[in-house]
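Any value given below was found using the heavy atoms of this structure, including those in side chains, with hydrogens, waters and symmetry copies removed.
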Amino acid sequence: MHIPAAYLTVVLVWATTPLGIALSGATLHPILAGALRMAIAAVLGLLLVAALRIPLRWRGPALRSYGWALLGVYAALSLSYLAAQSVPSGLISVLYGLSPMVSAVLARWLVDEPAMPAYKWLACGIALTGLVVLFGHDLAVGSARLSGLLMLLVAVFLFSLSAVMVKRTDARSHPLAQTVGTVVLSVPLFVLTWWLLDGQAPTLDWASPSPWAVLYLAVFGSLLGFVSYFHVLHHLPASTVALVTLITPVFAMALGHWFNDEVLSATVLQGSGLILVGLAVFFFGGRWKAVGKVAAS
């Protein structure tokens, strides 16, 4: 896969996944939509690792790594699917953009990474201000969206913790094997959760966007997107890959507005804007500081 094509794939998949999550729950219970997505992805993934002869281990560090990854693939996604019933898909993308920042803070405590410089803490403060703007308005007016936003914050924390603990486990699994192993283990958890929360026999309405969104997320969101992401992560600088978290929320908000009639209120734009500014400072503040020193000298 060519690197530019892989990078474009990551941007497109990450920008459209929140909208896909919202649409998949149009006529299906949201957790069932997640279960179907993972089941299809698991079957395709198992066929792919078999065809490529990639070893898929089910014991030791590999199994522990799958377990930690389930925090992101099962727990965080379940909350995201439920939250998508009340939170605009574009806002889901914005909040998930915080995950690299949350991961960095958690890694400082859990993986003993070096202390973060002052500009990164400033970035966290700016992003936190954006969250206050988003949550403050909904808290003041008693919006039904508040519970969805809280679920998303927990989801982002679990997703970030998952990434840090997978890194800490260091199972040295092939990225595709890591993805497939985790997806396979997530399927029974999604099914059990759906049975406890709903358990009603589903009716697939092919005239609705739900089944098509599930298929799209299974093939592109759960497989092609991950493969492309790991490919660009291997070949491009981390700062270039980090740009994806700044680009995709803008596209995701536009797509939600155009295709799902999601309202982009002044509060959403202001809060999201502050979060994106915080992310920009977090990723590129060190470079700007170095440029400023050179210019001053």
Backbone N/O of Val183 and side chain of Ser186: donor-acceptor pair under 3.5 Å | yes
Identify the two heavy atoms, one from Val105 and one from Cys124, that lie closest to each other, and give their separation to 0.1 Å.
-> CG2-SG, 4.3 Å
With the 4.5 Å side-chain cut-off for hydrophobic clustering, are Val154 and Leu95 part of the same group?
-> yes
State, without any angle test, whether Asn260 and Glu262 hold a side-chain donor-acceptor pair at a distance under 3.5 Å.
-> yes
Could you state the interatomic distance from CZ (Arg172) to CD (Gln178), rounded to the nearest 0.5 Å?
-> 13.5 Å
Is there a donor-acceptor contact under 3.5 Å from the side chain of Thr27 to the main chain of Ser210?
-> no
Tyr96 and Thr248: side-chain donor and acceptor closer than 3.5 Å?
-> no
Side-chain heavy atoms under 4.5 angstrom apart, residues restricted to Ile, Leu, Val, Met, Phe, Trp, Tyr: same cluster for Met38 and Trp212?
-> yes
Does some side-chain heavy atom of Tyr81 sit less than 4.5 Å from a side-chain heavy atom of Arg37?
-> yes
Neighbour count above 12 (heavy atom, 6.0 Å) for Tyr216 OH = yes
Answer yes when Arg168 and Asp170 have at least one side-chain N-carboxylate O distance shorter than 4.0 Å, and no when they do not.
-> no
Heavy-atom closest pair (Val10 atom, Gly225 atom, distance to 0.1 Å) is CG2-O, 4.2 Å
Are Leu8 and Val219 linked, directly or through other ILVMFWY residues, by side chains that come within less than 4.5 angstrom of each other?
-> no
Distance-only side-chain donor-acceptor flag, Ser228 / Tyr7, under 3.5 Å | no
Give a yes or no on whether the backbone of Val13 and the side-chain of Thr16 come within a donor-acceptor separation of less than 3.5 Å.
-> yes
Do the two ring centres, one from Tyr66 and one from Trp58, sit under 6.0 Å apart?
-> yes
Do you know the tightest heavy-atom contact between Ser93 and Ala252?
-> CB-CB, 3.5 Å
Under 3.5 Å, is there a donor-acceptor pair between the side chain of Trp68 and the main chain of Thr169?
-> no
Do Leu274 and Leu131 come close enough that some side-chain heavy atom pair is under 4.5 Å?
-> no
Which atom names give the shortest non-hydrogen contact between Ser65 and Val166, and what distance separates them?
-> OG-CG1, 3.5 Å
Quick one: does Ser160's side chain have a donor or acceptor within less than 3.5 Å of a partner on Ser99's backbone?
-> yes
Passing candidate, side-chain contact (heavy atoms from CB on, under 4.5 Å) with Ile31, options Val191, Leu189, Leu82 = Leu82
Leu12 reachable from Val244 in the ILVMFWY side-chain graph, under 4.5 Å edges = no
Are Met151 and Leu19 connected, step by step, through hydrophobic side chains (Ile, Leu, Val, Met, Phe, Trp, Tyr) whose heavy atoms are closer than 4.5 Å?
-> no
Search all heavy atoms of Gln85 against all heavy atoms of Pro30 and return the closest pair with its distance.
-> NE2-CB, 3.7 Å
If you count the non-hydrogen atoms of other residues, nucleotides and ligands that lie under 6.0 Å from CH2 in Trp258, is the total more than 12?
-> no
Is there side-chain contact between Ser78 and Phe190, with at least one heavy-atom pair below 4.5 Å?
-> yes
Quick one: does Ser24's side chain have a donor or acceptor within less than 3.5 Å of a partner on Ile21's backbone?
-> yes
Note, Leu48 side chain near Leu52 side chain (heavy atom, < 4.5 Å) = yes
What are the two closest non-hydrogen atoms of Ser162 and Ala69, and how far apart are they?
-> OG-CA, 3.2 Å
